[in-house]
Undergrad: 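Pasting a structure below so you can have a look.
Below, each value reflects all heavy atoms present in this structure, side chains not excepted, and no hydrogens, waters or symmetry copies.
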Amino acid sequence: MLNPNIWRSQQRDFHWQGLRVGFHDEGQGPALLLLHGLPGSSWDWHRLWPMLAGQFRLICPDLPGCGDSDKPSEYSYRLQDQAQLVSDLLGHLNIRQCQIIGHDYGASLGRQLLKSPGDIEFGRCSWIAARRGGEARYFLWRELWLAGPLGPLLSHCISEGLYGRYLETLSGPFTPISSQTRQDLWQLLCAHQGLQVLPQLLHYRYELPLSSETSMASSNTQQYIDGEYDPLSRHSKSNGALRVKTGHFPHLEDAEHLAMLLTDFHRDNDAGSQAVFQNLLNGQ
């Protein structure tokens, strides 16, 4: 398993409107953009990384306010601004065609990208544990409090223990997140005083449309994946999403199964592709 400090040291920098944004760009094949959730960072994808990098060119940023990127308190953190940053990063890397995998907040950001793609042609998209809408029932009470007027004050009360219990609440009973992983996630959350901007990041819920205004059904170009034990998906049992036996973090709880679902969807299901994945899974 990759150490988060090694992961951070291998990042490249992209400078955008005075912000330093850390990102990874590795692998060979079709471009695949990985967008992490909240609170999270690009390191959330580290378990999937070796299983996807052999088949795709992976573009994976720490979004502003997250991971090892800048976390200014004066930044707006609107989905529209975050989407423009990601679009400019792809342009900087001369990427004109791209597929997307987004988790949680990253799924909302990805759908924002599809609304205004500019010069980039987006192909198949996988949305993992996507929030169904901006209504309160799609967010935990902790998130609602942090997104409210008392959020800046409450953020100072978050401890590693409280954060660990938040992760336990969202993970599945048969796929718990290890204590070491929880510590590593906490370290990345706190980097560059990240707790102070968490309430601003959570304001994205006010930008989401109502669930009645949004279609969340899987199709030939969009795939939805939910954890069977994710408390945030309990209101969306019949939306056609694939169900995996995890909580809110399939990429951390059962990366091998998730990688197979993603590979089947984002690549032609040919023998060569499956052989590459199986060798990686077997550690060959």
Undergrad: Is the distance between the ring centroids of His36 and Trp45 less than 6.0 Å?
TA: no
Undergrad: Give me the atom names and distance for the closest heavy-atom approach of Leu114 to Trp127.
TA: CD1-CZ2, 3.9 Å
Undergrad: Would you give the length of the straight line joining atom CZ of Arg205 to atom CZ of Arg131, rounded to the nearest 0.5 angstrom?
TA: 10.0 Å
Undergrad: Which atom pairs, donor and acceptor, lie under 3.5 Å between side-chain atoms of residues 91-102 and protein residues at least two apart or in another chain?
TA:
unit_1 : atom_1 : unit_2 : atom_2 : d
Gln97  : NE2    : Glu121 : OE1    : 3.2
Gln99  : OE1    : His266 : ND1    : 2.8
Gln99  : NE2    : His266 : O      : 3.3

Undergrad: Could you tell me the separation between the OG atom of Ser126 and the CZ atom of Phe265, rounded to the nearest 0.5 Å?
TA: 5.0 Å
Undergrad: Is it true that atom CG of Asp13 has more than 12 heavy atoms of other residues, nucleotides or ligands lying nearer than 6.0 Å?
TA: yes
Undergrad: Backbone N or O of Gly54 within a donor-acceptor pair of the Gln28 side chain at under 3.5 Å?
TA: no
Undergrad: Under 3.5 Å, is there a donor on one side chain and an acceptor on the other for Ser42 and Gln11?
TA: yes
Undergrad: What about Leu261 and Phe174, same hydrophobic cluster or not, with Ile/Leu/Val/Met/Phe/Trp/Tyr joined at side-chain heavy-atom distances under 4.5 Å?
TA: no
Undergrad: Is there a donor in the side chain of Gln196 and an acceptor in the side chain of Ser73, or the other way round, less than 3.5 Å apart?
TA: no
Undergrad: Between Asp254 and Thr246, is there a side-chain donor-acceptor contact under 3.5 Å, judged purely by atom types and distance?
TA: no
Undergrad: Is the closest side-chain heavy-atom distance between Lys71 and Gln193 below 4.5 Å?
TA: no
Undergrad: Please tell me if the side chains of Pro64 and Asp70 come closer than 4.5 Å, counting only heavy atoms from C-beta onward.
TA: no
Undergrad: Ion pair present between Lys245 and Glu228, side-chain N to carboxylate O less than 4.0 angstrom?
TA: yes
Undergrad: Regarding Tyr166 and Glu143, is there a side-chain donor-to-acceptor distance under 3.5 Å anywhere?
TA: yes
Undergrad: From His257 NE2 over to Leu242 CG, what is the distance, rounded to the nearest 0.5 angstrom?
TA: 8.5 Å
Undergrad: Are His103 and Asp44 linked by a side-chain donor-acceptor pair shorter than 3.5 Å?
TA: no
Undergrad: Judged by atom type as modelled, is there a donor-acceptor pair below 3.5 Å linking the side chain of Asp226 to the main-chain atoms of Ala241?
TA: no
Undergrad: Just how far is it from atom CG of Leu202 to atom CH2 of Trp145, taken to the nearest 0.5 Å?
TA: 14.5 Å
Undergrad: Regarding Gln84 and Trp16, is there a side-chain donor-to-acceptor distance under 3.5 Å anywhere?
TA: no
Undergrad: Quick one: do Arg20 and Asp62 make a salt bridge, cutoff under 4.0 Å?
TA: no
Undergrad: Under 3.5 Å, is there a donor on one side chain and an acceptor on the other for Gln17 and Asp88?
TA: no
Undergrad: State, without any angle test, whether Tyr204 and Gln82 hold a side-chain donor-acceptor pair at a distance under 3.5 Å.
TA: no
Undergrad: So, for His46 and Trp43, is the gap between ring centers shorter than 6.0 Å?
TA: yes
Undergrad: Just checking Gln80: does its CD atom have more than 12 heavy atoms from other residues, nucleotides or ligands closer to it than 6.0 angstrom?
TA: no
Undergrad: Closer than 3.5 angstrom, by distance alone: can the side chain of Arg267 be matched with the main-chain N or O of Gln55 as a donor-acceptor pair?
TA: yes
